[in-house]
Amino acid sequence: MWLKRLLTISQFVFVLILTFLGLLAITFFIGRVIPIDPVLAIVGDRATQELYDATREAMGLDQPLVVQFFTYVFDVFRGDLGNSASTGRLVIEDLKRVFPATLEMATIGIIIGVVLGVPMGVLSAANEGKWVDQVFRVLGLVGYSVPAFWLGLVGLAIFYGNLGWVAGPGRIGIFYEGIVTPVTGLILVDSLLQGEWEIFYDAIHHLVLPASILGFFSLAYIARMTRSFMLDQLSQEFVTTARVKGVPEYKVIWKHAFLPIRVPLITVIGLSYAGLLEGSVMIETVFSWPGIGNYLTVALLNADMNAVLGATLVIGAVFIFINKISDVLYRVLDPRSR
């Protein structure tokens with residue numbers, strides 16, 4: 001038994017490393033095919049030819065492509081993503097600073113999406129064709145159709161500008177900047193650990209609107225997929241048999257129909273979470289949120305390829321990690337996959 005488990009773990013690690021190497025190859029290829037000269041991004045277009053050649057040699061761009069790739073892989077595995085031309089700092093240090101902000105917002109967003117989206121999908125399927133189903137389907141359609149930046153601007157105008165229920169753009173009030181010492185990078189967690197309750201509440205006021213908007217988009221996708229899975233289960237013969245036997249309807253829905261869809265829901269929730277981490281660029285831009293999406297946008301505008309590739313690599317690694325976690329949860333919830 002322990003040999004079988006060791007073999008399973010070894011296969012898991014091998015696939016994880018192989019997938020990550022494929023991601024490295026893709027990011028390396030992107031960095032070479034994009035029509036942006038990384039040397040010019042550093043030295044400027046007025047640099048002398050001698051300075052240009054020296055910088056190109058220092059960056060290793062005069063080496064054969066195969067050598068450049070293996071050098072890139074070696075640097076990544078030792079945590080060296082190069083220097084950012086935009087900030088003048090190490091890219092890895094910039095990513096440590098900006099990624100927790102995106103992680104915090106996306107995590108609150110996915111919690112909203114799951115807590116509201118799953119029950120909405122279940123109730124919609126259980127009341128197929130009724131007014132409850134129609135209302136939830138319209139909400140899902142709006143979540144798919146409305147542009148994120150438009151909804152963010154409208155939310156700011158209504159809830160911040162007119163009603164004053166939430167704080168404005170930014171992650172925290174300007175008066176609280178620099179008070180909390182970064183430990184985890186998550187402002188809610190760090191402020192609680194250090195007993196800064198005013199900063200904690202201020203951070204919530206800044207976080208609630210962008211996280212709710214992200215949660216709304218996640219909710220639309222999760223509710224729609226949950227409804228689809230539930231409709232398929234409710235049409236199965238074992239559900240009909242349970243109803244004929246007189247099993248209460250809530251048990252039919254939540255025990256007989258809902259439990260079998262937990263496994264496919266894991267994939268839906270995982271992909272939705274990864275999508276929030278990757279696709280929050282518009283929301284971060286509208287709300288001036290200092291996350292990885294905003295960082296990536298600035299890097300693209302400044303032709304900062306080290307920062308672009310570093311952010312792309314982190315986002316891809318998040319997708320890989322979440323997919324592998326989903327595989328582990330498959331084995332926990334579904335014994336047939338063990």
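What you are looking at is a predicted structure, and each value in this text was computed from that prediction instead of being measured.
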Inset, instruction - May I ask you to say whether Lys130 pairs ionically with Asp133, meaning some side-chain N is under 4.0 Å from a carboxylate O? - result: no
With a 4.5 Å limit on heavy-atom distance, are the side chains of [X] and [Y] in contact?
{"X": "Arg171", "Y": "Leu207", "result": "no"}
{"X": "Phe149", "Y": "Thr285", "result": "no"}
{"X": "Leu81", "Y": "Leu90", "result": "no"}
{"X": "Leu192", "Y": "Trp197", "result": "yes"}
{"X": "Leu276", "Y": "Met105", "result": "no"}
{"X": "Phe216", "Y": "Leu116", "result": "no"}
{"X": "Ser272", "Y": "Ile110", "result": "yes"}
{"X": "Tyr221", "Y": "Val268", "result": "yes"}

Taking a hydrophobic cluster as the set of Ile, Leu, Val, Met, Phe, Trp and Tyr residues connected by side-chain heavy atoms closer than 4.5 Å, whether directly or through intermediates, do [X] and [Y] fall within one such cluster?
{"X": "Ile174", "Y": "Ile179", "value": "no"}
{"X": "Val239", "Y": "Val244", "value": "no"}
{"X": "Phe136", "Y": "Val138", "value": "yes"}
{"X": "Val91", "Y": "Phe74", "value": "no"}
{"X": "Val314", "Y": "Leu271", "value": "no"}

Strictly distance-based, threshold 3.5 Å: is any side-chain N or O of [X] a donor or acceptor partner for the main-chain N or O of [Y]?
{"X": "Glu284", "Y": "Asn294", "result": "yes"}
{"X": "Asp190", "Y": "Pro182", "result": "no"}
{"X": "Asn127", "Y": "Leu123", "result": "yes"}

Give a yes or no on whether [X] atom [atom1] has more than 12 heavy-atom contacts from other residues, nucleotides or ligands under 6.0 Å away.
{"X": "Phe238", "atom1": "CZ", "result": "yes"}
{"X": "Leu18", "atom1": "CG", "result": "yes"}
{"X": "Arg224", "atom1": "CZ", "result": "no"}
{"X": "Phe77", "atom1": "CZ", "result": "yes"}
{"X": "Phe69", "atom1": "CZ", "result": "yes"}
{"X": "Glu249", "atom1": "CD", "result": "yes"}
{"X": "Glu198", "atom1": "CD", "result": "no"}

Inset, instruction - Decide ring pair (Phe, Tyr, Trp, His ring centres under 6.0 Å) for Trp254 and Tyr250; before the verdict, give the C-alpha distance in whole Å, the side-chain angles of both, and the deciding distance to 0.1 Å. - result: CA-CA 6 Å; Trp254 290 104; Tyr250 74 92; 9.7 Å; no
So which atom in [X] and which in [Y] form the shortest heavy-atom distance, rounded to 0.1 Å?
{"X": "Ile253", "Y": "Ala126", "value": "CD1-CB, 3.5 Å"}
{"X": "Trp289", "Y": "His206", "value": "CZ3-O, 3.8 Å"}
{"X": "Gly173", "Y": "Asp202", "value": "N-OD2, 2.7 Å"}
{"X": "Val189", "Y": "Glu104", "value": "N-OE2, 4.3 Å"}
{"X": "Val286", "Y": "Gly152", "value": "CG1-C, 3.9 Å"}
{"X": "Ser218", "Y": "Gly113", "value": "OG-CA, 4.0 Å"}

Inset, instruction - I would like to know whether Val318 and Phe99 meet side chain to side chain contact (heavy atoms under 4.5 Å, CB included); could you show each step before the answer? - result: CA-CA 11 Å; Val318 168; Phe99 183 70; 3.8 Å; yes
Legend entry - Check against side chain to side chain contact (heavy atoms under 4.5 Å, CB included), Arg137 and Arg227: CA-CA 9 Å; Arg137 292 177 67 184; Arg227 179 182 184 275; 3.7 Å; yes
If you round to the nearest 0.5 Å, how far is [atom2] of [Y] from [atom1] of [X]?
{"X": "Leu234", "Y": "Thr240", "atom1": "CG", "atom2": "OG1", "result": "9.0 Å"}
{"X": "Glu128", "Y": "Met230", "atom1": "CD", "atom2": "CE", "result": "11.5 Å"}
{"X": "Leu313", "Y": "Ile92", "atom1": "CG", "atom2": "CD1", "result": "9.0 Å"}
{"X": "Phe229", "Y": "Asp232", "atom1": "CZ", "atom2": "CG", "result": "9.0 Å"}
{"X": "Trp150", "Y": "Ile213", "atom1": "CH2", "atom2": "CD1", "result": "10.5 Å"}
{"X": "Gln233", "Y": "Leu259", "atom1": "CD", "atom2": "CG", "result": "10.0 Å"}

Legend entry - Steps toward side-chain hydrogen bond (donor to acceptor under 3.5 Å, both in side chains) verdict (Thr107, Tyr273): CA-CA 7 Å; Thr107 301; Tyr273 186 35; 2.7 Å; yes
Inset, instruction - Determine the interplanar angle of the Tyr72 and Phe28 rings, folded into 0 to 90°, and report it as parallel if under 30°, tilted if 30 to 60°, perpendicular if over 60°. - result: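 Rings of Tyr72 and Phe28: tilted, as their planes differ by 30° to 60°.
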Legend entry - Full working for side chain to side chain contact (heavy atoms under 4.5 Å, CB included) between Val122 and Thr226: CA-CA 6 Å; Val122 172; Thr226 303; 3.8 Å; yes
Inset, instruction - Show your reasoning for whether side chain to side chain contact (heavy atoms under 4.5 Å, CB included) applies to Leu186 and Leu188. - result: CA-CA 6 Å; Leu186 307 174; Leu188 295 181; 5.7 Å; no
